[in-house]
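Basis for what follows: all heavy atoms, side chains included, without hydrogens, waters or symmetry-related copies. In what follows, chains are A, B, ... by sequence order, proteins preceding strands, each numbered from 1.
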Amino acid sequence: MDRSKVKRRGSSIGPNQPEPKLQKEININAVVVDNGAYSIKVGLSTEAHPTLVPNCIMKAKAERKRLFIGDQINECRDCSGLYFLLPCERGYITKWDVQKPIWDYIFSKKVCPIDEYPVVITQPLFNFNSIQDCMDEIFFEEYEVSSMFRLNPTDLAYLKYARDHNLPKTTPCIIIDTGFSFTHIIPYINGNKYLNAIRRLNVGGKLLTNHLKDIISYRQYNVMEETYVINQVKEDTCYVAQDVKKELTIAAKSGIENNIVRNYVLPDFNNIRRGYILENNSDTKENEENCQILRLNNERFVVPEILFHPSDIGMKSMGIAEAVVKSILCCPKQYQEDLSKNIVVIGGNCNFKGFKERMMAELRSLLPHLWDVKLYQPEDPITYSWDGGKSLLKMTDFKSCLVTKEEYEELGSMIIQQRFNSWMTDNSLVEEESQEKNQENYRYLDWLKGKTVFGKEDPIDVKDECEQEDSLLKAQTNSQDTGSHNLAENVDNVQQPAADLELKTKASLKNIENTIVKEFDQEKDQPSSNFSMQTELFPFGTGSYL
Amino acid sequence: MTISKSTLRGSNRIKENDKRRIVDETSRKRRHRKVMELLESDNYHDDPHADLVMSKKVPKFEDNLEQRTSRTKKKERTAEYYQIKYRKNFQQLVDEDRAEAEANRRVSYMDIQCEESPMPPRHFCAVCGFLAKYNCLSCGTRYCCIRCMDTHMDTRCLKWAA
């Protein structure tokens, strides 16, 4: 409903500004920003790969009086004891005094200037209003971008997946995004997010790094202050075990039998800038004198295990594979089997070795055996969403999604946020299908309820309303008998018995009819959807229910 | 006779068992919450530059001048401006969102959190990380053998029991 509203508004503006229509139809370039909590993936859509900039400001112990913004950290010689200023709290931007300088930096000439390009930026699922307000203000008022679009990173991943695999829009698909702050599991049905089946697991890369830091500090060296280094240790050494119990028995062994244990050379930021795994056969003794060695054994696979079993650290939550299954089973029955054929995993945690295999094994064992399970993990799960930006720009109706600066100034933050939020979340069709059977008996009552609210706005007596209701009920039972769900016919049926009634009721009915017709017109803008059912289920439009 | 025997023989650990404080359920939960908070924290240590008086405006001015000469007539806003204008913390945001979502009957941040798993949790030794069979009597932490238990008693058992 929101979309249709906005579209009409857009078309009314259209004639006044014929210029954008004359521009090249499909080739829109834009600055695509995947604003992750750990790293920002930014670049012009014409570039092959995005630039990865850490989304943080760092303070080094050695270099006082200087802040390292994003990838400026590469200029820092001594990265020990780095102090992080992170703009996000649990994935949502709360520290604007940190986020703003980072954005300033990435949109400067050093990384990726916006110029006159439109901006496509990602935001986490269910981004809070106040955060969106601030983003609007920064981009439109401060950076003065010509136009902007905001969406979830999984939307981009979905678009890319659908485009790359030539899937029709009706193919359901489930995207798992396991990032720095959390893991989201989002099913897409008919190209829209199915909200009731979305799950979030509060386990992300940050938690894993902190946990590794914690256990290493307890067992070996105190590395509590070395988040930066330990994150590298995690990336270099951790992997997902296929069978934890088997792996544990191997790890418990000593000597050559234990092929899990690794010695990791910690960086000293003097000779060694980045740590590395010490090969078993190399001259260990010689090295040992010069550097600090971290011995990693079961830590290597117990840490990523938290993703699959958060209960290992006492978290009251199910694991990622269980959550995917749960999410699939929450979707309407007719889509479930197809969903399991199109599972996509993205996000930094996919880079753990063995992640995909374990995920596949768990899903296979948890889903019904007759279903086909297909798991797709892109080559680069971190930049996959950013790449999806290109697919977004190729969409034919992308231009109408963009919000221009003028629209922002005219409509304000609230309305454009609704527009962003309702994008790819219209589930009226799916909900309708799944609820149709249960709601058969009550549907007309709901419809009537909605109408009486409209009626009260008009000067109609309560008595009349009752009569109306009766007549309407009769009319509806008639139409129900004929089995027609078409709204236009419904209206006709309403009118016929109403004609027999007094003029007064007829007049008031006209009012109702008008409101129905109004709604009908609005629904017309979405030709694909079954409008008759929508108006009955959602008398005020679907937007208010989502 | 029996008294002298018990004072002479037997384990010290068992003898001192009575003195040990049993941490009750609420403080165990509190401790667990603390651990979880620590896992979400950005830094463990304090800001190393906290004692420094930073003259933030000077470098910023340069940066901005460079990027923005072509752009705008409007006044540059500082990062602090946004921080003050949108200073809500995460909890406030969640609460606000929840109230708004309930009013509009829409799905929100709080609704999509994963439920608890029906499967029983596995237990790992808090000291060495292997599968653990035993519970610490005082605080409920898991350990796998006497050696790990001793380590646990000497370190985290008391440290975390607050």
Side-chain angles (χ1 to χ4, degrees), chain A residues 59 61 64-65 81 83-84 86 89-90 92 94-97 100-101 104 108-109 126 128-131 133-134 138 141-142 144 195-196 198-202 206-207 210-211 214-215 218-219 224-225 227 248 251-252 298-299 302 309 311-312 314-319 322-323 326 544-546, chain B residues 32 35-36 38-49 52 54 60 63-64 66-67 71-72 74 76-80 82-83 85-90 93-94 96-97 100 104-109 112-124 126-131 155-156:
Chain A
K59 293 179 180 181
K61 268 182 184 163
R64 304 173 81 93
K65 291 192 178 177
Y83 183 82
F84 285 89
L86 301 174
E89 214 174 312
R90 291 180 180 268
Y92 294 87
T94 55
K95 291 173 206 118
W96 295 101
D97 50 347
K100 178 76 194 337
D104 282 346
S108 72
K109 280 182 186 127
F126 300 123
F128 303 119
N129 292 340
S130 145
I131 295 174
D133 286 341
C134 191
I138 291 181
E141 291 181 25
E142 170 126 14
E144 297 191 303
L195 295 176
N196 290 334
I198 293 175
R199 288 290 178 279
R200 183 191 62 246
L201 176 63
N202 286 331
K206 184 185 193 183
L207 185 138
N210 276 337
H211 183 66
D214 188 52
I215 56 179
Y218 187 44
R219 292 171 198 175
M224 287 310 279
E225 299 184 3
T227 314
L248 277 169
N298 58 29
E299 294 87 356
V302 168
H309 292 276
S311 55
D312 287 356
M315 218 170 169
K316 284 193 168 41
S317 170
M318 53 175 65
E322 280 174 275
K326 181 97 190 169
S544 57
Y545 287 82
L546 293 172
Chain B
H32 180 249
V35 173
M36 296 311 290
L38 200 71
L39 285 179
E40 278 298 329
S41 65
D42 298 348
N43 295 288
Y44 182 75
H45 52 306
D46 296 326
D47 187 349
H49 295 182
L52 275 179
M54 299 278 288
K60 237 182 217 163
D63 285 349
N64 293 335
E66 186 193 325
Q67 351 165 339
R71 274 217 103 94
T72 169
K74 204 176 262 180
E76 183 81 10
R77 280 165 179 157
T78 60
E80 282 74 29
Y82 294 104
Q83 184 58 33
K85 188 164 176 191
Y86 301 96
R87 60 168 171 275
K88 281 171 194 151
N89 66 26
F90 183 73
L93 288 170
V94 170
E96 215 173 72
D97 184 59
E100 197 253 325
N104 291 332
R105 284 166 56 205
R106 70 169 170 86
V107 184
S108 74
Y109 176 84
I112 59 167
Q113 184 148 341
C114 280
E115 304 91 335
E116 201 169 342
S117 171
M119 285 186 310
R122 303 179 298 190
H123 299 293
F124 291 94
V127 181
C128 68
F130 288 98
L131 289 173
T155 54
R156 290 211 160 164

Enter the distance from [X]:[atom1] to [Y]:[atom2] here, rounded to the nearest 0.5 Å.
{"X": "A:E225", "Y": "B:D46", "atom1": "CD", "atom2": "CG", "answer": "8.5 Å"}
{"X": "B:C128", "Y": "A:N298", "atom1": "SG", "atom2": "CG", "answer": "7.0 Å"}
{"X": "A:I131", "Y": "B:K88", "atom1": "CD1", "atom2": "NZ", "answer": "9.5 Å"}
{"X": "A:L207", "Y": "B:S41", "atom1": "CG", "atom2": "OG", "answer": "10.0 Å"}
{"X": "B:I112", "Y": "A:L195", "atom1": "CD1", "atom2": "CG", "answer": "9.0 Å"}

Side chain, backbone, both or neither: which part of [X] has a non-hydrogen atom closer than 4.5 Å to chain B?
{"X": "A:F84", "value": "both"}
{"X": "A:K326", "value": "side chain"}
{"X": "A:L201", "value": "both"}
{"X": "A:N129", "value": "side chain"}
{"X": "A:T227", "value": "side chain"}
{"X": "A:R219", "value": "side chain"}

The interface call for B:H32 against chain A, heavy-atom contacts under 4.5 Å, is side chain
Bottom line for B:F124: the part with an atom under 4.5 Å from chain A's heavy atoms is side chain
Comparing B:E100, B:R122, B:E116, B:M119 against chain A, the one with the most heavy-atom pairs below 4.5 Å turns out to be B:R122
Of the listed B:E96, B:K85, B:H123, the one with the largest count of heavy-atom pairs under 4.5 Å with chain A is B:K85
Discussion item. Applying side-chain contact (heavy atoms from CB on, under 4.5 Å) to B:E40 and A:N210, what does each step give before you reach the verdict?
Written reply: CA-CA 7 Å; B:E40 278 298 329; A:N210 276 337; 5.8 Å; no
Ignoring hydrogens and geometry, is there a side-chain-to-backbone donor-acceptor pair from B:D47 to A:Y83 under 3.5 Å?
no
- Does B:L39 offer a backbone N or O that forms a donor-acceptor pair with the side chain of A:D214 under 3.5 Å? no
- prompt: Any chance CZ of B:R87 has more than 12 other-residue heavy atoms, nucleotides or ligands included, within less than 6.0 Å?
  reply: no
Quick check: do [X] and [Y] have side-chain heavy atoms less than 4.5 Å from each other?
{"X": "B:D42", "Y": "A:K95", "answer": "yes"}
{"X": "A:Y92", "Y": "B:V94", "answer": "no"}
{"X": "B:H45", "Y": "A:M224", "answer": "no"}
{"X": "B:T78", "Y": "A:K100", "answer": "no"}
{"X": "B:L93", "Y": "A:T94", "answer": "yes"}

Scanning both residues in full, the closest heavy-atom pair of A:M318 with B:C114 reads CG-CB, 4.0 Å
Tightest non-hydrogen contact, residues B:G129 and A:V302, listed as O-CG2, 4.2 Å
side-chain contact (heavy atoms from CB on, under 4.5 Å) between A:R200 and B:Y109, worked out = CA-CA 9 Å; A:R200 183 191 62 246; B:Y109 176 84; 3.1 Å; yes
Under 30°, 30 to 60°, or over 60°: which ring-plane class applies to A:F128 and B:F90, parallel, tilted or perpendicular?
-> perpendicular
Partner of B:S117 under side chain to side chain donor-acceptor pair (under 3.5 Å), picked from A:E322, A:H309, A:K316, is A:E322
Heaviest contributor of heavy-atom pairs below 4.5 Å to chain B, chosen from A:S311, A:A252, A:C134, A:A251, is A:C134
